[in-house]
Amino acid sequence: MSFLKPYRKTPRFSTLSSHPPPPPPPAPPAPDINLVGKAISILKRHQLYNLDSLSSQFTPQSASYLLHHSQFDKTLILPFINWARRRPFFDLKCSCISLHILTRFKVYKTAQSIAEDVAIKTPEDEHGDLVFKLIKSTYSDCNSSSSVIDLLVKSYSNLKLVKRGLNTIHLAISHGFMPGVLSYNSVLDAIIRSNEPIELAEEMYFHMIKSGISPNVFTYNILIRGFFGVRELEKGLELFSEMQKNGCLPNVVTYNTLMDAYCKLGRLDDALKVFDKMSVRDLEPNVISYNVILNGLGREGRMKETGGILEEMKRKRIVPDEVTYNTLVNGYCKEGNFHQALVLHDEMTSNGLSPNVITYTSLINSMCKARNLHRAMGFVEQMRDRKLFPNARTYTTLIDGFSQQGFMEEAYKLLDEMKRNGFSPSIVTYNALIHGHTVDGKIEDALGALDHITESGLSPDVVSYSTDYHWFL
DNA sequence: ATAGGGTTAG
């Protein structure tokens, strides 16, 4: 990981004949001490509403000055930050000072939200150097600690800005800071969620150990999910035993992760073995454990066995949640048992749970698959009556439903509506349309839809081409 | 303050 470029030496002192030294940069305008004094006294009297009249007089310098001056007065500074953070004078430096203050007072939620705003507002800071420099230069004046680095890395990771997260860790270390386990965990999670090569996650894992940070149960859970996700079961299982060797006990999340991974690989029986192992280890399965198993049964067309599982949940007083019902509704839909799906849909409401957009998307999908578009649209109506609105997946499901039967005009109307409502069509949406044109026999339109993919910044995938390919045969 | 479950295409 070295980006060393050949270093070109420039003479430290230029020749006598050269230009005079550049003038020092202009000093920033001084803070308005008067204004700051007024603002502080308003804050001391808790008259936040009176601050608004001063808003237009504040400069970044005055705000920084106030932040710095009153940084230890918690009841004064927190309201000020909340008031100031969305105002125009609240610049990058103000944000950084606030991050130090907020993490010192453990007000992580606000801190993270400010850090994310900063990240979004500085897209040119691709590697996070600019923000890091500011954090470092304000660090000691704010009596900060390395946890501000954790917060920053976590915020980058939340936005899947992997490069910035990774580079911030490296910058921090090379400047003598100590990123904690949270920095590593969040960046590992971001790597895996953004489908970066798993080797990168592995490299960071080794890096954290070399830097003296011990992985915890979160670290292992994140990595196990990552390795199973790319079908590297041996590596995942290796970590599962490694964690125990290192004295880190797997928890329910670890077991649920393993079970779900097995289910998604079509190995329900292995998932059930893991389930049994849990009770041997004295760990109680929770509602998520059961949902994972129910979903696994549904995927293999074994809905008959769900009854026994639900019984067991009842015995153990584990209350089915929204996800449990959605899983069951979806399972019955896939089996073509609409009757049972609707029974559960009703049971949901009578148990105080509300069917949501996912429940309806399952039902709509099964109606589309049964080629009953009328009933599919009926469910869309029902959704609207319940103040639920189709999401991108619902639209894609409907577009596919209409396309499958060659109703392309309706399909494109739905595409329009989808865009109007702020959803971006995905590659799946376009592939459904392409397939539709092979149904209605309009090859030019199929190729046109293929063009729409690239126009919208996506790239066609195997499905796009294989759909087309059938047509040329 | 970080980890796990449910909806879409050939």
Side-chain angles (χ1 to χ4, degrees), chain A residues 102-103 106-113 115 147 150-151 153-155 157-158 180-190 192-193 215-226 228 250-261 263-264 285-296 298-299 320-331 333-334 355-366 368-369 390-401 403-404 418 425-436 438 461-471:
Chain A
L102 292 167
T103 49
K106 301 193 192 305
V107 188
Y108 296 119
K109 244 184 156 169
T110 314
Q112 198 172 313
S113 152
S147 61
D150 290 336
L151 185 107
V153 175
K154 190 184 160 219
S155 307
S157 304
N158 258 355
V181 65
L182 184 58
S183 284
Y184 286 96
N185 288 352
S186 62
V187 87
L188 285 172
D189 196 51
I192 287 160
R193 280 187 205 285
N216 62 15
V217 65
F218 290 82
T219 320
Y220 289 112
N221 289 347
I222 291 164
L223 286 171
I224 289 171
R225 197 179 79 93
F228 270 85
N251 60 15
V252 193
V253 178
T254 320
Y255 283 96
N256 290 349
T257 304
L258 280 172
M259 290 192 295
D260 189 52
C263 286
K264 299 220 158 106
N286 60 16
V287 65
I288 297 180
S289 323
Y290 283 102
N291 289 345
V292 166
I293 295 298
L294 289 170
N295 188 41
R299 298 170 69 96
D321 65 6
E322 216 166 46
V323 178
T324 316
Y325 281 104
N326 284 344
T327 307
L328 293 168
V329 167
N330 189 46
C333 281
K334 287 273 149 75
N356 59 15
V357 58
I358 299 182
T359 328
Y360 279 104
T361 305
S362 285
L363 291 167
I364 289 168
N365 185 43
S366 72
C368 288
K369 292 289 179 292
N391 64 18
R393 290 207 181 191
T394 321
Y395 278 115
T396 301
T397 304
L398 285 164
I399 289 170
D400 181 57
S403 299
Q404 287 282 342
M418 174 179 186
S426 68
I427 187 72
V428 182
T429 320
Y430 287 115
N431 288 344
L433 287 165
I434 292 175
H435 180 255
T438 69
D461 65 357
V462 244
V463 181
S464 324
Y465 289 121
S466 63
T467 302
D468 237 22
Y469 175 72
H470 283 294
W471 233 88

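Since the model is a prediction, treat every value here as computed from it, not as a measurement. Just so it is clear, the values below take in all heavy atoms, side chains as well, and ignore hydrogens, waters and symmetry mates. A note on names: the letters A, B, ... follow the listed sequences, proteins ahead of strands, and every chain is numbered from 1.
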message: Could you measure the distance from the CG atom of Asn391(A) to the OG1 atom of Thr397(A)? Nearest 0.5 Å is fine.
response: 8.0 Å
Kindly say if [X] contacts the phosphate of [N], meaning a side-chain N or O under 4.0 Å from OP1 or OP2.
X: Lys369(A); N: dA9(B); value: yes
X: Gln404(A); N: dA9(B); value: no
X: Asn365(A); N: dT7(B); value: no

- prompt: Expressed in angstrom and rounded to an integer, what is the separation of Arg299(A) atom CZ from dT8(B) atom P?
  reply: 10 Å
- request: Give the nucleotide from the list dG10(B), dT7(B), dA3(B) with an atom nearest to the side chain of Asn251(A).
  value: dA3(B)
task: Measure from the side chain of Asp461(A), starting at C-beta and using heavy atoms only, and say which of dA1(B), dA9(B), dA3(B) lies closest.
output: dA9(B)
So [X], base contact, sugar-phosphate only, or nothing? Heavy-atom distance under 4.0 Å.
X: Val252(A); answer: base
X: Asn185(A); answer: base
X: Leu182(A); answer: base
X: Thr327(A); answer: sugar-phosphate

message: Once side chain to side chain donor-acceptor pair (under 3.5 Å) is applied, do any residues pair with Ser183(A), and if so which ones, sequence neighbours excluded?
response: Asp150(A)
message: Arg193(A): which residues meet the salt bridge (charged side-chain N to carboxylate O under 4.0 Å, His left out) condition with it, sequence neighbours left out?
response: Asp189(A)
- request: Please answer whether dA1(B) and Tyr108(A) are stacked, defined here as ring centres separated by less than 5.5 Å and planes angled under 30°.
  value: yes
- prompt: Within the distance-only criterion (no hydrogens, no angle test), does the side chain of Ser157(A) pair as donor or acceptor with the backbone N or O of Val153(A) below 3.5 angstrom?
  reply: yes
message: Please determine whether any donor N or O and acceptor N or O are separated by less than 3.5 Å between the side chain of Thr397(A) and the base of dT8(B).
response: no
